[in-house]
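The structure appears right after this line, and notes come after that.
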Amino acid sequence: MQAQINGITLAFNDQGTGLPIIFLHAFPLNRTMWAKQEEALSTQFRVITIDLRGHGESDAPLWHYSLDQAADDVRGLLDYLSIRQAIFVGLSMGGYMLFAFYRKYAEYVKGLVLADTKAQADTDEGKQARFEMAQVAYTRGPSAIADIMVPKLLSPATIQTRPELVQRVRTMIEGNQVSGIAGDLMAMAARADSLPLLNQITCPTQIIVGDLDLPTPPSDAKLMADQIPNVHLAIIPGAAHLSNLEQPGLFNETVRSFVEMALSKQSLGIADATSSNQF
Ligand code: MLT
């Protein structure tokens, strides 16, 4: 499906009925990374997956990108779909966008799932690495970005034994335009430090992290869990950065239980407690 939002075309899927769950993908992928979540959860909930500006089938204008602008795009799509409140799931860059979204539009957020992401801003070295990656995208194209990203996104075991999953991830990366890749690198480099936001996140929050995640390791997840008041932490074994793709069963059950718990506690008017879950 497509909608005209903030002057560009945004592509999205909208499946199922009930409480909306909005899925925001990682860099530099697209909404098809959520196929297994869509399949499993749309039997019970309304599942909306979005190609963020610059990715997949959405427009990738050659211009300035920011996470606030991505938050405005998501808000625009929610208004287009007449959705007033939802659960939001963001993985890595999708999580960075959720911090921006929460800052601007907390009233839309019934619950947050922050997967394989972190609250800290980029260091100076991190910003320099983004600049260098943008030059690689410009001079050698998206397949050179796939060469760099695949070993960061997937575990060594997956790379060795699951060639079809590796190829799926490569295809998602290679399907992006350079303007979108460079735009999101700029947006991530300029993002705010979200550590001061954490203790102001009052909605129920689920943190998920693969135990083998290198870009955003379990220590980053624990740092967030220590500061968000109403939080659950799940560490998923045998998964690296793309925990939803490497361990979809565990990922889906974590999201399903969280959403059911958030709904039942809300209907009973019970405040939540912090807990942690290691599978
Ligand atoms: C992602 O998976 O979205 C990226 O690894 C995030 C990042 O580069 O910081």
Side-chain angles (χ1 to χ4, degrees), residues 22-34 37 49-56 58 60 65-67 70-71 73-74 88-101 112-137 142 144-155 158-159 165-166 168-176 180-195 207-210 212-221 223-224 236 239-247 251:
I22 316 293
F23 285 85
L24 304 182
H25 62 76
F27 169 85
L29 305 181
N30 64 44
R31 73 189 192 278
T32 66
M33 73 171 253
W34 300 115
Q37 284 66 50
T49 61
I50 307 172
D51 277 349
L52 296 162
R53 177 186 291 250
H55 296 264
S58 289
Y65 285 58
S66 74
L67 296 181
D73 288 345
V74 172
F88 291 82
V89 182
L91 192 143
S92 198
M93 180 181 74
Y96 306 160
M97 286 183 183
L98 287 183
F99 291 130
F101 187 85
L112 280 178
V113 179
L114 300 169
D116 300 283
T117 194
K118 64 181 174 193
Q120 305 93 306
D122 278 359
T123 59
D124 287 344
E125 295 74 33
K127 288 182 182 157
Q128 179 62 24
R130 305 259 191 225
F131 171 78
E132 284 161 16
M133 197 183 289
Q135 306 323 301
V136 171
I145 298 300
D147 294 341
I148 297 171
M149 289 303 294
V150 165
K152 296 184 185 200
L153 299 174
L154 298 170
S155 69
T158 295
I159 291 172
L165 183 51
V166 175
R168 252 188 80 202
V169 170
R170 283 199 74 93
T171 303
M172 282 187 244
I173 298 174
E174 288 170 359
N176 290 316
I181 292 174
D184 271 332
L185 286 165
M186 281 186 259
M188 289 191 286
R191 75 185 189 280
D193 179 7
S194 292
L195 285 172
I207 296 172
I208 300 177
V209 64
L212 305 173
D213 187 340
L214 295 178
T216 52
S219 54
D220 286 338
L223 187 66
M224 293 190 289
I236 298 197
H241 193 53
L242 297 179
S243 58
N244 73 307
L245 283 173
E246 291 191 297
Q247 294 291 354
F251 190 98

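Note that ligands are numbered from 1 as they come in the structure, with each ligand's atoms numbered from 1 the same way.
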- Among all protein heavy atoms, pick out the one at the shortest distance from atom 9 (O) of ligand 1; state its residue, atom name and that distance to 0.1 Å.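 Of the protein heavy atoms, Tyr96 OH, 2.6 Å lies nearest.
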Polar contacts were defined as any N/O atom of the residue lying under 3.5 Å from an N/O atom of the ligand; does this apply to [X] and ligand 1?
X	result
Pro215	no
Ala26	no
Arg191	no

- Within a distance under 4.0 Å of any heavy atom of Phe27, pick out the atoms of ligand 1 and give their elements.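 In order of number, 1 (C), 2 (O), 3 (O), 4 (C).
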- Against heavy atoms of Ser92, which atoms of ligand 1 measure under 4.0 Å?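 Heavy-atom distances to Ser92 below 4.0 Å select 1 (C), 2 (O), 3 (O), 4 (C), 5 (O), 6 (C).
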- Taking the side chain from Asp116 and the backbone from Asp213, do they hold a donor-acceptor pair closer than 3.5 Å?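 Looks like no, no N/O pair under 3.5 Å.
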- Ion pair check, Asp147 and Arg170, cut-off under 4.0 Å: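 Here Asp147 pairs with Arg170 in a salt bridge, since their nearest N and O are under 4.0 Å apart.
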- Query: Do the rings of His25 and His55 sit parallel, tilted or perpendicular, given the 30° and 60° boundaries?
  - Reply: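 Ring orientation of His25 relative to His55: perpendicular.
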- Please state whether the rings of Phe88 and Phe101 are parallel, tilted or perpendicular, taking 30° and 60° as the class boundaries.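 Phe88 and Phe101: tilted rings.
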- Message: Return the CZ to CD1 distance between Arg168 and Ile173, rounded to the nearest 0.5 Å.
- Response: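 Answer for the CZ-CD1 pair, Arg168 versus Ile173, is 12.0 Å.
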- Task: Supply the atom-to-atom distance Tyr65 OH to Arg53 CZ, rounded to the nearest 0.5 angstrom.
- Result: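 Taking OH in Tyr65 and CZ in Arg53, the distance rounds to 6.5 Å.
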- Evaluating non-hydrogen atoms only, which member of Met133, Arg130, Met93, His241 is closest to atom 7 (C) of ligand 1?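 Of the listed residues, Arg130 has the closest heavy atom.
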